[in-house]
Asks: 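One structure coming up, written as structure tokens, with questions to follow.
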Amino acid sequence: MSTLNQEIEKHIKKLVHPLKDEHELREVLKTKLTKKELKLLKAWAEMIPANEIQTTLSLDEERYGKLSAKLIKKLNQEKIKQVLCI
């Protein structure tokens with residue numbers, strides 16, 4: 001099982017500094033992401049299959065794709081990267 005940190009690192013293109021510890025990360029993410037985005041990220045970290053995530057979050061394939069893209073784009077914003085890192 002991957003951790004939230006590993007999952008975030010997978011999606012951020014250029015990470016200059018190390019990420020905060022998992023507990024701090026969760027607190028920051030709660031303020032920066034929507035509830036659905038946070039649930040999606042946690043589900044990815046738990047390696048839950050996409051079809052299960054779609055069912056749990058009540059998303060069709062198109063909305064799942066859009067939410068995924070939006071989440072990855074958010075994680076790559078400089079101001080969000082700054083608060084995720086030490």
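Since this is a predicted model, take the numbers as computed values, not measurements.
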Asks: Which atom pair, heavy atoms only, marks the closest approach of H11 to N76?
Replies: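 Shortest heavy-atom separation between H11 and N76 comes out as O-ND2, 2.9 Å.
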
Asks: So, the side chain of E52 versus the backbone of P49: is there a donor-acceptor pair under 3.5 Å, distance only?
Replies: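 Looks like no, no N/O pair under 3.5 Å.
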
Asks: Just by distance, do the side chain of K81 and the backbone of K14 share a donor-acceptor pair under 3.5 Å?
Replies: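 Answer holds: yes.
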
Asks: Side chain to side chain contact (heavy atoms under 4.5 Å, CB included) between K32 and L84: does it pass, once the steps are laid out?
Replies: CA-CA 10 Å; K32 298 296 178 189; L84 294 177; over 6 Å; no

Asks: Enter the distance from I53:CD1 to K36:NZ here, rounded to the nearest 0.5 Å.
Replies: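 Separation between the atoms: 13.0 Å.
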
Asks: Nearest 0.5 Å please: distance from the CD1 atom of I12 over to the SG atom of C85.
Replies: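 With rounding to 0.5 Å, CD1 (I12) is 6.5 Å from SG (C85).
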
Asks: Is there a donor-acceptor contact under 3.5 Å from the side chain of K74 to the main chain of I80?
Replies: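 No; zero donor-acceptor contacts below 3.5 Å.
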
Asks: Ignoring hydrogens and angles, tell me if any N or O in the side chain of N5 forms a donor-acceptor pair with the backbone of D21 under 3.5 Å.
Replies: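 Side chain of N5 to backbone of D21: no pair is present.
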
Asks: Roughly how far, to the nearest 0.5 Å, is the CD atom of E7 from the CG atom of L41?
Replies: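 It is 6.0 Å, given to the nearest 0.5 Å.
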
Asks: Mark yes when over 12 heavy atoms from residues, nucleotides or ligands other than K39 sit less than 6.0 Å from its NZ; otherwise mark no.
Replies: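 No, the 6.0 Å shell around NZ holds no more than 12 heavy atoms from other groups.
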
Asks: Parallel, tilted or perpendicular for Y64 and W44, by the 30°/60° rule?
Replies: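 Perpendicular: the ring planes of Y64 and W44 meet at over 60°.
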
Asks: Is there a side-chain contact between L67 and E37, using heavy atoms and a 4.5 Å cut-off?
Replies: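 In short, these two side chains touch, coming nearer than 4.5 Å.
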
Asks: Hey, mind stepping through E27 and E24 against side chain to side chain contact (heavy atoms under 4.5 Å, CB included) and telling me if it holds?
Replies: CA-CA 5 Å; E27 293 307 308; E24 283 182 282; 5.7 Å; no

Asks: Which atom names give the shortest non-hydrogen contact between E9 and L15, and what distance separates them?
Replies: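 Scanning both residues, the minimum pair turns out to be CG-CD2, 3.7 Å.
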
Asks: Could you tell me the separation between the NE2 atom of H23 and the CG atom of L4, rounded to the nearest 0.5 Å?
Replies: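 Atom-to-atom, H23:NE2 and L4:CG are 12.5 Å apart.
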
Asks: Drop me the distance from K42's NZ to L29's CG, to the nearest 0.5 angstrom.
Replies: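 Answer rounded to 0.5 Å: 8.5 Å.
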
Asks: Quick check for you: to the nearest 0.5 Å, what is the distance between I72 atom CD1 and I8 atom CD1?
Replies: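 Atom-to-atom, I72:CD1 and I8:CD1 are 12.0 Å apart.
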
Asks: Q6 side chain to T3 main-chain N or O, any donor-acceptor pair under 3.5 Å?
Replies: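 Yes, Q6 side chain to T3 backbone: donor-acceptor pair under 3.5 Å.
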
